[in-house]
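Letters A, B, ... are given to chains in the order of the sequence lines, protein chains preceding strands, and every chain is numbered from 1. All values below come from the heavy atoms of this structure, side chains included, with hydrogens, waters and symmetry mates left out.
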2 protein chains.
Amino acid sequence: MQPDTTDKQILNLIQQNAHLTIKEIAGKINLSVTPVHERIRKLEREGFIEKYVGLLNRRKLGKSLVVYCNVTLDKQRKESFEDFNQAIGEMEEVLECSVVSGNFDYMLKVIVEDGEAYNQFYQHKLSALKSVLHISSYFVISEIKYSTAISVG
Amino acid sequence: MQPDTTDKQILNLIQQNAHLTIKEIAGKINLSVTPVHERIRKLEREGFIEKYVGLLNRRKLGKSLVVYCNVTLDKQRKESFEDFNQAIGEMEEVLECSVVSGNFDYMLKVIVEDGEAYNQFYQHKLSALKSVLHISSYFVISEIKYSTAISVG
DNA sequence: GTTGAAACCGGTTGTCT
DNA sequence: AGACAACCGGTTTCAAC
């Protein structure tokens with residue numbers, strides 16, 4: 001079942017602020033608490049809402065450096081992809097990893113303390129993987145925008 | 001003030017699941033509710049926890065295509081950066097945007113319905129910006145990992 | 001989908017150690 | 001700083017419309 005307009009309003013509110021009370025949501029969309037409560041449970045049950053998370057300030061926690069990496073694998077090797085995917089899944093420094101089209105194979109987003117920490121990660125973890133052929137690193141100098149909210153029209 | 005070990009345990013739990021009750025958190029770290037409650041309020045007040053959000057399933061909502069873009073600006077133009085930053089901030093398709101080191105200027109993460117929607121975005125929004133000199137697009141074929149949780153050691 | 005009521009449970013606060 | 005207990009408010013379920 002696809003969400004109707006009311007469901008989409010609720011989804012938009014929840015992906016902005018998961019601490020809104022049902023009362024507050026109901027007020028914003030001019031409904032009473034009962035249907036809002038039912039709709040949220042349904043959206044959770046059917047998987048439109050995957051999870052609720054707290055977003056932390058990485059700088060205050062000492063994670064000042066974000067790096068995007070382009071990784072190319074050695075295609076000659078058997079099961080390169082499975083090995084790589086598994087290893088990446090276990091690396092806490094890697095927040096995002098996707099297979100992409102184009103000149104290289106993977107796009108990664110890595111978060112670490114600083115340049116030295118990235119050097120450690122690069123040398124001892126990422127380039128240490130046998131399936132990795134080439135890596136290009138792009139250091140984030142300034143974060144213009146970061147959002148987890150997709151546009152729900 | 002930097003978070004101590006107990007604070008870090010709380011932060012790790014909250015960035016995994018913002019719907020844990022204080023009781024549940026207290027149980028997991030062998031404390032009673034009072035100190036857990038106080039610590040969370042402090043972590044919020046001091047900005048270690050920035051916000052609480054619901055994460056949606058983009059595929060179920062019809063947003064099947066993720067594209068990473070490398071954008072180069074025309075440096076000759078005055079105020080290219082300010083113009084570009086402002087325009088990007090208003091584009092709902094762009095979830096992440098950072099200034100990066102290297103061959104190009106910006107790394108973007110864009111989420112849209114499908115190839116046709118990306119084409120519309122590319123032609124009428126992104127490349128329509130006067131400050132943009134060059135764009136390279138990398139389509140996500142498979143998402144291996146996506147997390148909002150930074151490692152809090 | 002709305003209202004109202006009731007039970008329940010988590011958040012919140014004060015007090016004591 | 002943590003434990004305990006009491007209070008308050010939101011959540012959840014139900015019935016009736």
Worksheet entry | Taking every non-hydrogen atom, the tightest pair across S80(A) and D74(A) |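 Heavy atoms of S80(A) and D74(A) come nearest at OG-O, 3.0 Å.
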Whole angstrom value for the distance that separates [atom2] of [N] from [atom1] of [X]:
| X | N | atom1 | atom2 | answer |
| --- | --- | --- | --- | --- |
| L31(B) | dT17(C) | CG | P | 20 Å |
| I29(B) | dA3(D) | CD1 | C1' | 14 Å |
| R45(A) | dT12(D) | CZ | P | 12 Å |
| H19(A) | dG9(D) | NE2 | P | 19 Å |
| E38(A) | dA15(D) | CD | C1' | 13 Å |
| I22(A) | dG10(C) | CD1 | P | 14 Å |
| I10(B) | dG11(C) | CD1 | C1' | 15 Å |
| K42(B) | dA1(D) | NZ | P | 8 Å |

At under 4.0 Å, does any side-chain N or O of [X] touch on OP1 or OP2 of [N]?
| X | N | result |
| --- | --- | --- |
| H37(B) | dG11(C) | no |
| R41(B) | dT12(C) | yes |
| R39(B) | dG2(D) | yes |

Worksheet item: For T34(B), which contact category applies under a 4.0 Å heavy-atom criterion: base, sugar-phosphate, or nothing?
Response: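 Contact class for T34(B): base.
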Practice prompt. Report which part of the nucleic acid S32(B) touches: base, sugar-phosphate, or nothing (heavy-atom distance under 4.0 Å, all strands).
Written response: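 Touches a base.
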Worksheet entry | Qualifying residue for ring-ring contact (aromatic ring centres under 6.0 Å, His included) with Y118(A), from Y68(A), Y138(A), F139(A) | F139(A)
Fill in: Candidate nucleotides dT11(D), dG10(C), dT12(C), ranked by approach to the side chain of K23(B) - the nearest
dG10(C)
Response to the item:
One should read off an interatomic distance between L11(B) CG and L61(A) CG, to the nearest 0.5 angstrom, of 6.0 Å
Worksheet item: Hey, what's the ring geometry for Y106(A) with F81(A), parallel, tilted or perpendicular (30° and 60° as the breaks)?
Response: tilted
Discussion item. Main chain of L65(A), side chain of D114(A): is a donor-acceptor contact present, judged purely on distance under 3.5 Å?
Written reply: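 Checked: no pair found.
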